[in-house]
Number of protein chains: 2
Amino acid sequence: MKKLDRIDRHLLALLQQDARLTSHQLAERVGLSPSPCARRIRRLEQQRLIQRYRAELDRERLGLGLTVFVHVKLSRHQDALVEAFEAAVADMPEVIECHTVSGAFDYLLQIVSADLKGYERWVRQLQTLPMVNTVDSSFAIRAVKRAGALDLRDARPTDDDS
Amino acid sequence: MKKLDRIDRHLLALLQQDARLTSHQLAERVGLSPSPCARRIRRLEQQRLIQRYRAELDRERLGLGLTVFVHVKLSRHQDALVEAFEAAVADMPEVIECHTVSGAFDYLLQIVSADLKGYERWVRQLQTLPMVNTVDSSFAIRAVKRAGALDLRDARPTDDDS
DNA sequence: AAAAATATTGGCATGTCCTGCCAATATGGG
DNA sequence: CCCATATTGGCAGGACATGCCAATATTTTT
């Protein structure tokens with residue numbers, strides 16, 4: 001798989017900030033003409049270094065101002081229960097993000113809801129899952145930095161084209 | 001400020017998943033013709049319910065497979081020190097996200113780097129900040145759900161047009 | 001170092017899509 | 001029931017993306 005040169009990195013960085021830039025605008029920023037620019041972007045898409053394009057919404061303005069970070073610990077870790085838990089979580093639209101993590105807890109989740117009432121409804125729902133042991137909520141008070149772009153300085157593509 | 005009807009919500013939901021859908025494609029999915037569709041989207045942008053459009057990159061394929069959640073506690077909380085900390089964090093490209101949170105710690109950060117070596121460099125840098133007291137790292141082992149779309153069922157726009 | 005093979009570039013033609021306008025329709029208030 | 005307002009659907013003009021080509025740059029081979 002081809003390595004990323006300076007221009008590829010530059011394109012990725014620009015598109016992370018604004019996916020609506022035209023080939024022409026990108027071209028003048030990276031010092032190339034529009035057509036090779038478009039072709040490089042298409043290649044980055046085919047290599048799936050660019051996963052997708054998405055619209056980012058404003059939680060505050062949408063009245064979804066409550067973000068909560070939730071640490072979850074399971075009581076039993078049999079494969080079937082773990083999978084059931086993860087499937088349940090993946091299906092809950094309030095769950096924006098969920099990772100298994102090292103440390104005292106098994107999972108760290110990010111939840112977004114309109115208010116505490118909505119959040120409580122979700123926690124209740126979560127606690128009906130029998131394999132859930134501990135639920136530890138940490139409320140986000142203020143976002144210092146949100147959805148930052150990836151730092152591409154150390155990025156180099158893996159040749160995993162699966 | 002106008003309330004969101006069923007179609008607005010539908011458009012936002014679709015654009016959260018794929019910002020490249022054309023007005024025509026959106027139109028047939030929401031059951032409208034392209035022009036009112038485009039106009040509604042423009043209004044959503046002007047109201048800044050849509051914040052921006054961005055390309056989402058694949059961390060794994062870019063060789064940036066290490067995600068770490070870091071809890072930070074400050075030792076002193078004078079305004080100047082808090083601001084200095086937040087400014088430093090906002091300037092660090094490895095920091096993808098940073099929130100002040102309730103609970104035993106002051107901040108929760110998400111860090112992305114290529115490997116443990118890169119992560120260590122960042123932690124060292126963080127710990128040079130004099131107001132930093134505790135740094136608690138929790139490594140992401142696997143993403144169960146990443147960058148989920150917002151759940152718009154309870155969304156209603158605030159009339160904050162600042 | 002020269003020559004060939006390969007990859008990349010820049011420009012152009014075509015087709016698609018977005019934008020701004022219009023008349024027609026639907027919605028809501030008096 | 002009628003009028004005022006908002007929203008819709010379609011069309012014309014312009015911007016943009018896509019696919020192609022010859023020209024240039026880069027790399028490999030001999």
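All of these numbers come straight from a predicted model, not from anything done at the bench. We name chains A, B, ... by the order of the sequence lines, and we start the count at 1 in each one.
In this structure B:Tyr53 satisfies the ring pair (Phe, Tyr, Trp, His ring centres under 6.0 Å) test with no other residue, sequence neighbours excluded. For the ring pair (Phe, Tyr, Trp, His ring centres under 6.0 Å) test, residues two or more places apart in sequence or in another chain that qualify with A:Phe139 are A:Tyr119.
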Listed pairs under 3.5 Å, donor-acceptor, residues 121-134 of chain A side chains, sequence neighbours left out:
unit_1	atom_1	unit_2	atom_2	d
A:Arg124	NH1	A:Glu120	OE2	3.3
A:Arg124	NH2	A:Glu120	OE2	2.9
A:Thr128	OG1	A:Gln125	O	2.5

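Against DNA chain C, the stretch residues 13-40 of chain A makes heavy-atom approaches under 4.0 Å through A:Leu32, A:Ser33, A:Ser35, A:Pro36, A:Arg39, A:Arg40.
In the hydrophobic clustering, A:Val101 connects to A:Phe69, A:Leu108, B:Phe69, B:Val101, B:Leu108, either directly or through intervening members, whenever side-chain heavy atoms lie under 4.5 Å apart.
Two residues are said to be in side-chain contact when any heavy atoms from C-beta on lie closer than 4.5 Å; B:Gln16 and A:Leu57 meet this criterion. Contact of the B:Val95 side chain with the B:Gln110 side chain is not registered, since no non-hydrogen atoms from C-beta on lie closer than 4.5 Å.
The backbone N or O of B:Ala38 sits nowhere less than 3.5 Å from a side-chain atom of B:Ser23 that would complete a donor-acceptor pair.
Contacts between chain A and DNA chain D, taken as any atom within less than 4.0 angstrom of a protein heavy atom, begin and end at D:dC16 to D:dG19.
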